[in-house]
Amino acid sequence: MLKTFTLGGVHPPENKISATSKIVEMHTPKNVVVPLVQHLGAPAKSIVAKGDIVKTGQLIAQSSGFVSANIHSPVSGKVLKIDKALNSSGYKSDAIFITVEGDEWVDNIDRTDKLINEIKFSKQEIISKIADAGIVGLGGATFPSHVKTTLPKGKKADYLIINGVECEPYLTADHLLMLEKTEELFVGTELLMKALDVSKAIIGIENNKSDAIKKMQEVSKKFNSISVQPLKVKYPQGGEKQLIEAITKRKVPSGGLPIDIGAVVFNVGSVYAIYEAVQKNKPLIDRIVTVTGKTLKSPSNFKVKIGTMIGELIDMAGGLPEDTGKIINGGPMMGKSVASTEIPIVKGSSGILIMPENESKRKETEPCIRCSKCVGVCPMGLEPYLLSALGEKSLFDRLESDKVMDCIECGSCSYVCPSGRPLLDYIRFGKTNVGKIIRSRK
Amino acid sequence: MVLVIFDTIVTLSGLGIAAAIVLYLVAWKFKVYEDPRIDKVEEILPAANCGGCGFAGCRNFAEACVKQEGLDGLYCPVGGNECMTNIAEIIGSSAIVKDARVAVLLCNGICEVRPKTSLYDGVSTCSINASLYGGDTGCQFGCLGHGDCVVVCDFEALHMDAATGLPVVNVENCTACGACVTACPKDLFELRKRAKKDRKIYVACKNEDKGGIAKKSCSAACIGCNKCFKVCPFDAITMNNNLAYIDSDKCRLCRKCVPECPTNAIIEIGFPPKKERTEQSENETIIKQN
Amino acid sequence: MSKLITVSPSPHIHSGQSVEKLMFGVIIAMLPALAVSVYFFGMGAIYVTLVSVVSCMLFEYLIQKYLLKTTPRITDGSAIVTGMLLAFNLPSSLPLHIIIIGALVSIGIGKMTFGGLGNNPFNPALVGRVFLLLSFPTRMTKYAVAKGFQTPVLIGEDNLDASTGATPLGMIKEGLVGNETVQSVLKDAGIKYGDFFWGNIGGSLGEIAGFALIIGLAFMLIRKIITWHIPISVLGSVFIFTGLLWVFGYEGHSYIIDKWGLNIPYIQYLDHDLGVKAPFHMADPVFHILTGGLLLGAIFMATDYVTSPMTPKGQIIFGTGIGVITVAIRVFGAYPEGVSFAILIMNGFTPLINRYVKPKRFGE
């Protein structure tokens, strides 16, 4: 019996068509566009100006507060301008435009592939290096990692959980990372264990990645305090609350954080970035991105520099197919649909999914037949039909008391609704407004 | 038989009278004293319960007027100056007089000038569309056309024009209550000062992109060229973020800015069409002046 | 000019589930019971079902098109399901005009007045059925004696008594009033327990064959059309309640009292005042489960999506309520059969249950 979470969950078709494509390093583009907001929290402030020459790995935007992150140049070249650019939020925001020239890197970065498993740094130094390198949660939430490693006073971590689940259909970036950079991931985990004062770490991997599980389990024999836990394939196993429950049986209380029950969760991508930052002095300037889709010529996993336009990645994967209906930044359940390919890859971009025209239109909406399938699949034990109806009518006080803020926006409810009702659309609307009301009370 | 009917009548009447006495006593014992002026003020109010005053309905506003002992910061946009003057009389305070206002949509991105660049397939409400992305055209500031404003208007002053894709304000019905201003997620509505004959001059655009980019997404966009700003004799126009704005309180409707705009982003409503200046009429003018 | 890219909020995939698929799944689950009723009642079963289904679809179309002035939508299968369920609650000998009136009430009053699919608080088929039961009591309680395809169809008023009979529950109720015992009534009618299961008894189209209904239940559970909560809680609560009455009323008083020297007033009440004395005046739990449309009600009528609660906890409360009310009506009430009324009463409680019974939240 594989471990899993208890409430709800759905089984969308996995479509991991790029699972066998080895990671390919993408060529450096001619220009990059680096947005100043790539993380949760306050936007970074640019410290370069038009005409400045920058080196790869150089700090170009400073973190502007505790919950914020540094941004480094992914290329070497000249700053063209600081202007508004379209990004996956659907709106334009400030970004640094850099024209690429040469391949100059900042001095102390170790560019070799050699594994460095000796940990020379103290807990404080590790956290500092994570903060300096601008590491954020690469699973998609982009929460600044140094904030997560700085535990609030009085709270202690019992478990470090590494999220290798990748429950979204189509996405395989984490899968390939676990296959190709296995030992580095374990060293990164040890670094985090030191930073958090934790004595054991568990890596959760969904059971559809048997080759990755096997490789990770082999390497885990060398590391006593890190174990690998295969998990039942069920969406959204990768949600941090569901992952913590599956592995430790503990449940994060409503409105609480994982640290409240002694758990800290990091995505494997973030762990690799932390390894590179601490052991190789390399800041976060690139990441693995899956480019996939049934109609795409060659679904691939690319190592991409931050700031590369997604149009270039799609070209590398065979070009945008004629019958493309949707371009999705992320996976099919929670990804953001975008209107153009003139959008840059940012720290949180885990995948680009191309959907053909015949799969891109929503089903016709029918009245709610009160079948309660949405209630049955909600992993947070909410009542999506009710929250959606309340959202439609803007009844924000009832929305709050019916716990709309617990919703993790996984999309299982809309996925399963036989009447094709846009449940999540209205729930998100309700969440946004209730969030505003709650913040205005403080 | 008659006895039964008689018994019934007596019993039921007795019950009725007993109930009436109980109700009367309870109403008398638990009566809440309310300032009688509240009822008087409520009677004058338009009873639209639209919330335009910022209170929860007309009665709530009436209570606030009476309790506050002065009308500072209290105004009913639907009732207007006449109503507020009458209220001032009742509560014995000085009346507030404000300029009448009307809602204006600061966007003229009709289908012909603003081509579609994507297809929106989500729920047809402006708030959800706006939370997803800037809209199905190149301009992320413009009207989305789903009609959240129309739904929220209590006075039937808004309807969607299917040909242009934009909402149209019925100036007679509009009470400037502000519901559409709050409802629009793009902040496209403004309550501008009403002029005589409902004349208006305004910049029908909120696009803050640089000129070249703005023009590409909508040929009627404001490109921030400053021409109108330079020509306004009353300092009514301000430029911010590649966008011009005409302050309706300062504007004297002189119409000098309208022909200056290269994209026709400035709209004038309610004016007679300008006469063509031909050589003949120019000569006439010169002769007349002499 | 290439087509425009589509933009919409997540999620971007769908399970493929639809209202049509669910409704047609229910229809398939009802086919075994339909087959059994045709086997026993012949053409009557076919007529009643066909007339009911066609009238329901027709009325839904007409009302949607001409009264409500919206696009008519009868292909989602819900009108067909209502038609079949209504038919399953009717005797095979019912005249056409009564069936059509029933369909009109079911669809027109039971469903459309509340706003159509998804908005009705009461099960439409039961609304129609109870309306007919109260308006045409004799026709609705006389069931043609099963003779396969020889069974008389569309029986006229004059032939009624000669060719029809009552259901086993009805017979027992009458018999108890006439101071007979359960055993003697069944023996006189020549009915064995096996008959209830395989269908060889009198009754409405859908209630006769236990096994066919259970096959339908299994099908719906496997296809995840319904969950086990409502059927099991209805049947379970009936079983337990009748079981308790049967045990405590056994031979009047004696078993429990004699063995443990108890003198419980309630048992005296059961015995002296209500005259409930198993096994003479009280049928055993298995009998209750197998008769009187309880299986039909628990499996197909109570599990109607629109009128049942939305949470598992709520569904169990709902099912238990139905069971308790059914037994109360059957044992202590004047009607021999209580499932329809019990379900309608609990349908009325569904909004209250939905309001106050919340699902298990994550973290509780």
Side-chain angles (χ1 to χ4, degrees), chain A residues 7 10 12 90 169 241 245 251-254 256 322 324-328 330 332-340 353 355 357 359-363 366-373 375-376 378-383 385-386 402-403 406 409 411 414-420 422 424-425 428, chain C residues 2-23 25-26 70-71 73 75-78 81 115-121 224-227 229-230 303-315 350-351 354-355 357-364:
Chain A
L7 282 179
V10 288
K241 298 190 175 132
E245 188 204 344
K251 298 193 182 109
V252 178
S254 167
E322 263 300 307
T324 297
K326 267 191 188 169
I327 303 170
I328 298 168
M333 293 298 285
M334 290 181 73
K336 195 103 193 262
S337 170
V338 294
S340 141
L353 170 61
M355 290 201 116
E357 179 67 41
E359 287 182 25
S360 295
K361 292 286 185 291
R362 283 182 161 187
K363 192 168 125 70
E366 295 178 86
C368 171
I369 56 170
R370 310 185 72 76
C371 67
S372 76
K373 285 197 190 301
V375 180
C378 179
M380 297 303 290
L382 305 172
E383 296 160 287
Y385 77 95
L386 180 64
D402 276 311
K403 302 212 174 277
D406 280 356
E409 297 183 31
S414 294
Y415 175 78
V416 93
C417 178
S419 295
L424 188 57
D425 293 5
R428 255 194 292 249
Chain C
S2 57
K3 275 174 119 169
L4 293 173
I5 295 286
T6 304
V7 179
S8 63
S10 65
H12 307 283
I13 48 176
H14 190 266
S15 59
Q17 189 62 272
S18 69
V19 178
E20 290 79 9
K21 281 199 190 137
L22 291 171
M23 292 297 127
V26 175
T70 58
T71 24
R73 184 194 291 256
T75 48
D76 59 13
S78 58
V81 170
L117 182 63
N119 293 311
N120 45 293
K224 296 211 171 76
I225 296 174
I226 60 172
T227 54
H229 302 87
I230 295 181
T303 53
D304 174 45
Y305 289 141
V306 182
T307 54
S308 56
M310 305 280 280
T311 57
K313 240 186 288 182
Q315 286 167 347
T350 299
N354 279 334
R355 186 74 164 85
V357 179
K358 295 292 168 190
K360 178 155 182 254
R361 307 282 190 211
F362 182 91
E364 260 169 27

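Letters A, B, ... mirror the listed sequences (proteins, then strands); counts begin at 1.
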Given A/G256, A/G420, A/C368, A/P253, the one with more heavy-atom pairs under 4.5 angstrom with chain C than any other is A/C368
Option in C/G118, C/G363, C/S15 with maximal non-hydrogen atom pairs under 4.5 Å from chain A:
C/S15
Decide, yes or no, whether a salt bridge links A/D406 with A/K241 under the criterion of side-chain N to carboxylate O below 4.0 Å.
no
Closest non-hydrogen atom pair, C/S308 against C/I230
CB-CD1, 3.7 Å
For C/P312 and C/H229, work out which heavy atoms get closest and say how close.
CB-NE2, 3.6 Å
Heavy-atom count around A/K361 NZ within 6.0 Å, excluding the residue itself: above 12?
yes
If I measure from the heavy atoms of chain C, does A/E357 come under 4.5 Å with its side chain, its backbone, both, or neither?
side chain
Run the salt-bridge test on A/E383 and C/R361 with the 4.0 Å N-O cut-off and return the result as yes or no.
yes
Checking heavy atoms, do the side chain of C/L22, its backbone, both or neither come under 4.5 Å from chain A?
side chain
Pick from A/P379, A/G330, A/G325: which one has the most heavy-atom pairs with chain C under 4.5 Å?
A/G325
One option among C/G115, C/G16, C/S8 has the most heavy-atom pairs under 4.5 Å with chain A, and it is C/S8
What residue in A/L353, A/V375, A/V10 has the most heavy-atom pairs under 4.5 Å with chain C?
A/V375
Taking side chain as everything from C-beta outward and backbone as N, CA, C, O, which of these in A/L424 sits under 4.5 Å from a heavy atom of chain C? Side chain, backbone, both or neither.
side chain
Under 4.5 Å, counting heavy-atom pairs only, tell me which of A/M380, A/K363, A/K403 racks up the most with chain C.
A/M380
Say whether, by atom type as modelled, one donor and one acceptor occur between the side chain of C/H14 and the main chain of A/C417 under 3.5 angstrom.
yes
Let's test your reading of the structure: which of A/K373, A/K251, A/R370 forms the most heavy-atom pairs below 4.5 Å with chain C?
A/R370
Heavy-atom check, side chain of C/T6 versus side chain of A/M355, under 4.5 Å
no
Checking A/M333 against chain C: side chain, backbone, both or neither under 4.5 Å from a heavy atom?
both
By a 4.5 Å heavy-atom criterion (distance strictly below it), what part of C/I226 contacts chain A: side chain, backbone, both, or neither?
neither
Among the listed options C/D304, C/L117, C/D76, the residue most often paired with chain A at heavy-atom distances under 4.5 Å
C/L117
Check salt bridge (charged side-chain N to carboxylate O under 4.0 Å, His left out) between C/R73 and all other residues, then give those that pass, not counting sequence neighbours.
A/E364, A/E366
Chain C contact via A/I328 - side chain, backbone, both or neither, heavy atoms under 4.5 Å:
side chain
At a heavy-atom separation under 4.5 Å, does A/I327 approach chain C through its side chain, its backbone, both, or neither?
both
Answer key: most heavy-atom pairs under 4.5 Å with chain C among A/C371, A/P367, A/G411 is A/C371
Please test A/R362 against A/S414 for side chain to side chain donor-acceptor pair (under 3.5 Å), starting from the C-alpha separation and ending with a verdict.
CA-CA 11 Å; A/R362 283 182 161 187; A/S414 294; over 6 Å; no
If you compare all heavy atoms of C/I5 against all heavy atoms of A/V338, which two are closest, and at what distance to 0.1 Å?
CG2-O, 3.7 Å
